[in-house]
Student: 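What follows is a structure written as structure tokens; I'll ask about it next.
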Amino acid sequence: MPLHTASADLKTTPNTTSGRPHRGPDWWLMMKKFWSKGRSIASFAPSSRFMARSMLAGIDFGTARCVVELGAGTGPITAELVRRVGPQTKLLVIEIDPDLCGRLKARFPQIDVVQGDACHFDKLLADRGITQVDHVCSALPLPSFPAPLRETILATSARMLAPGGTFRQLTVMPLVYYRLYCGYFQDVRFRFVPLNLPPGGVYVCRGYRGPG
Ligand SMILES: C[S@@+](CC[C@H](N)C(=O)[O-])C[C@H]1O[C@@H](n2cnc3c(N)ncnc32)[C@H](O)[C@@H]1O
């Protein structure tokens, strides 16, 4: 099977950075990234706290051993995760863009933030001796990924998920991709989040059945 990576398949602007930390608020950094990188960023503003809470609703942080966040941006969901996880839960946060990742590392020095491609998150977990994940929280722009790349990420998530685990996917196009995710999972619930810019929601998926 060919190795699919976002950098190879998405043909995004190279991950260059000036080397200087970006100043200004999160919304300004996201807007600049959206302007320069378009569909690999997919959203022009950081998620609201309502979106972050909806992403995490129902997760039992008392029993979860590992939670992975894919495509963390400036960290609105990371912030909510950091508020909720205890010392017994391993949190791994992955972001491909170096400037966004730099901001995450500066903001959350206490957690494991990796600049890398979400396609390889199983290897990042293996490096840390982790074989199972309780929940995968993704804000990746999966619908705009080429199908083989999207399937690599979904299949990897499914393989790593513990029994009862969930794959959670953020969207800023409410319900538009419901059928897409139903093609991959037996059980897909959609939570609408009106208080977000733009309004969006979260798909909570269980029971991977392969490409639809
Ligand atoms: C829609 S933004 C969401 C940002 C943040 N989670 C939020 O809710 O505001 C999607 C993020 O996914 C990141 N991303 C895109 N492709 C990625 C990949 N292959 N691996 C890791 N991160 C990726 C982008 O750089 C961007 O920060």
Student: Report yes if the side chains of Pro199 and Val193 come closer than 4.5 Å at any heavy-atom pair, otherwise no.
Tutor: no
Student: Between Arg191 and Tyr203, is any side-chain donor less than 3.5 angstrom from a side-chain acceptor?
Tutor: no
Student: Test side-chain contact (heavy atoms from CB on, under 4.5 Å) on Ser47 and Asn196; report intermediate values, then the result.
Tutor: CA-CA 6 Å; Ser47 292; Asn196 191 69; 4.0 Å; yes
Student: If I take atom CG from residue Leu70 and atom OG from residue Ser157, how far apart are they, to the nearest 0.5 angstrom?
Tutor: 6.0 Å
Student: Hydrophobic cluster membership, with links at side-chain heavy-atom distances under 4.5 Å among I/L/V/M/F/W/Y: are Leu197 and Met173 in one?
Tutor: no
Student: Just how far is it from atom OH of Tyr184 to atom CG of Leu142, taken to the nearest 0.5 Å?
Tutor: 8.5 Å
Student: Do Gln132 and Pro163 come within less than 4.5 Å of each other through their side chains, counting heavy atoms only?
Tutor: yes
Student: For the ring pair Tyr208 and Phe185, is the centre-to-centre distance below 6.0 Å?
Tutor: yes
Student: Would you compute the distance between atom SG of Cys66 and atom CG of Leu92 and round it to the nearest 0.5 angstrom?
Tutor: 6.5 Å
Student: Would you mind reporting whether Asp112 and Lys90 have side-chain heavy atoms less than 4.5 Å apart?
Tutor: yes
Student: Please list all pairs passing the ring-ring contact (aromatic ring centres under 6.0 Å, His included) test where one or both residues lie in residues 59-103, with sequence neighbours left out.
Tutor: none
Student: Could you give the distance from CG (Asp117) to CD (Glu95), rounded to the nearest 0.5 Å?
Tutor: 10.5 Å
Student: Have a look at Met55 and tell me which of Gln169, Glu69, Arg168 forms a side-chain contact (heavy atoms from CB on, under 4.5 Å) with it.
Tutor: Arg168
Student: Salt bridge between Asp26 and Arg107, side-chain N to carboxylate O under 4.0 Å?
Tutor: yes
Student: Carefully, step by step, assess Leu29 and Thr74 under the rule side-chain contact (heavy atoms from CB on, under 4.5 Å).
Tutor: CA-CA 8 Å; Leu29 179 55; Thr74 54; 4.2 Å; yes
Student: How about Trp27 and Pro46: do any of their side-chain heavy atoms sit closer than 4.5 Å?
Tutor: yes
Student: Is Ser48 reaching over with its side chain to a backbone N or O of Leu195, donor-acceptor style, under 3.5 angstrom?
Tutor: yes
Student: For Asp99 and Lys32, run salt bridge (charged side-chain N to carboxylate O under 4.0 Å, His left out): C-alpha distance rounded to whole Å, both residues' side-chain angles, the deciding distance at 0.1 Å, then the answer.
Tutor: CA-CA 11 Å; Asp99 295 320; Lys32 283 200 298 185; over 6 Å; no
Student: In this structure, would Phe34 and Met51 fall into the same cluster of hydrophobic residues linked by side-chain contacts under 4.5 Å?
Tutor: no
Student: Any heavy-atom pair between the side chains of Val114 and Arg128 that's under 4.5 Å?
Tutor: yes
Student: Do you know the tightest heavy-atom contact between Tyr181 and Cys205?
Tutor: CB-SG, 4.3 Å
Student: Can you tell me how far apart OG1 (Thr156) and CG (Asp122) are? Round to the nearest 0.5 Å.
Tutor: 5.0 Å
Student: With side-chain contact (heavy atoms from CB on, under 4.5 Å) as the criterion, how do Val113 and Cys101 come out once you've worked through the C-alpha distance, each side chain's angles and the decisive distance to 0.1 Å?
Tutor: CA-CA 7 Å; Val113 176; Cys101 196; 3.8 Å; yes
Student: If hydrophobic clusters are built by linking Ile, Leu, Val, Met, Phe, Trp and Tyr wherever their side-chain heavy atoms come under 4.5 Å apart, do Ile41 and Val172 end up in the same one?
Tutor: no
Student: Between Ile96 and Gln115, does the side-chain contact (heavy atoms from CB on, under 4.5 Å) criterion hold? Intermediate values first, please.
Tutor: CA-CA 5 Å; Ile96 202 167; Gln115 190 213 322; 5.7 Å; no
Student: Is there a path from Leu170 to Met31 through hydrophobic residues (I, L, V, M, F, W, Y) whose side chains come within less than 4.5 Å of each other?
Tutor: no
Student: So, for Pro76 and Ala52, which heavy atoms are closest and what is the spacing to 0.1 Å?
Tutor: O-CB, 3.7 Å
Student: State, with a plain yes or no, whether a side-chain heavy atom of Asp97 is found less than 4.5 Å away from one of Lys33.
Tutor: yes
Student: Pro98 versus Leu100: any side-chain heavy-atom pair under 4.5 Å?
Tutor: no
Student: In this structure, are over 12 heavy atoms from other groups packed under 6.0 Å from Arg189 atom CZ?
Tutor: no
Student: State which residue, out of Val133, Thr131, Val136, fulfils the side-chain contact (heavy atoms from CB on, under 4.5 Å) condition with Met160.
Tutor: Val133
Student: Which heavy atom in Ala106 sits nearest to a heavy atom in Pro109, and how many Å separate them?
Tutor: O-CD, 3.6 Å
Student: Please answer whether the main-chain N or O of Arg65 pairs with a side-chain N or O of Asp134 as donor and acceptor at a distance below 3.5 Å.
Tutor: yes
Student: Would you mind reporting whether Thr171 and Phe190 have side-chain heavy atoms less than 4.5 Å apart?
Tutor: yes
Student: If only atom types and distance count, is the side chain of Ser54 paired as donor or acceptor with the main-chain N or O of Phe50 below 3.5 Å?
Tutor: no
Student: So how far is it from Ile94 CD1 to Leu104 CG, rounded to the nearest 0.5 Å?
Tutor: 11.5 Å
Student: Under a 3.5 Å distance rule, please check whether Glu80 uses its side chain to pair with a backbone N or O of Arg53 as donor and acceptor.
Tutor: no
Student: Is Ile77 reachable from Ile59 through a run of I, L, V, M, F, W or Y residues, each pair having side-chain heavy atoms under 4.5 Å apart?
Tutor: yes
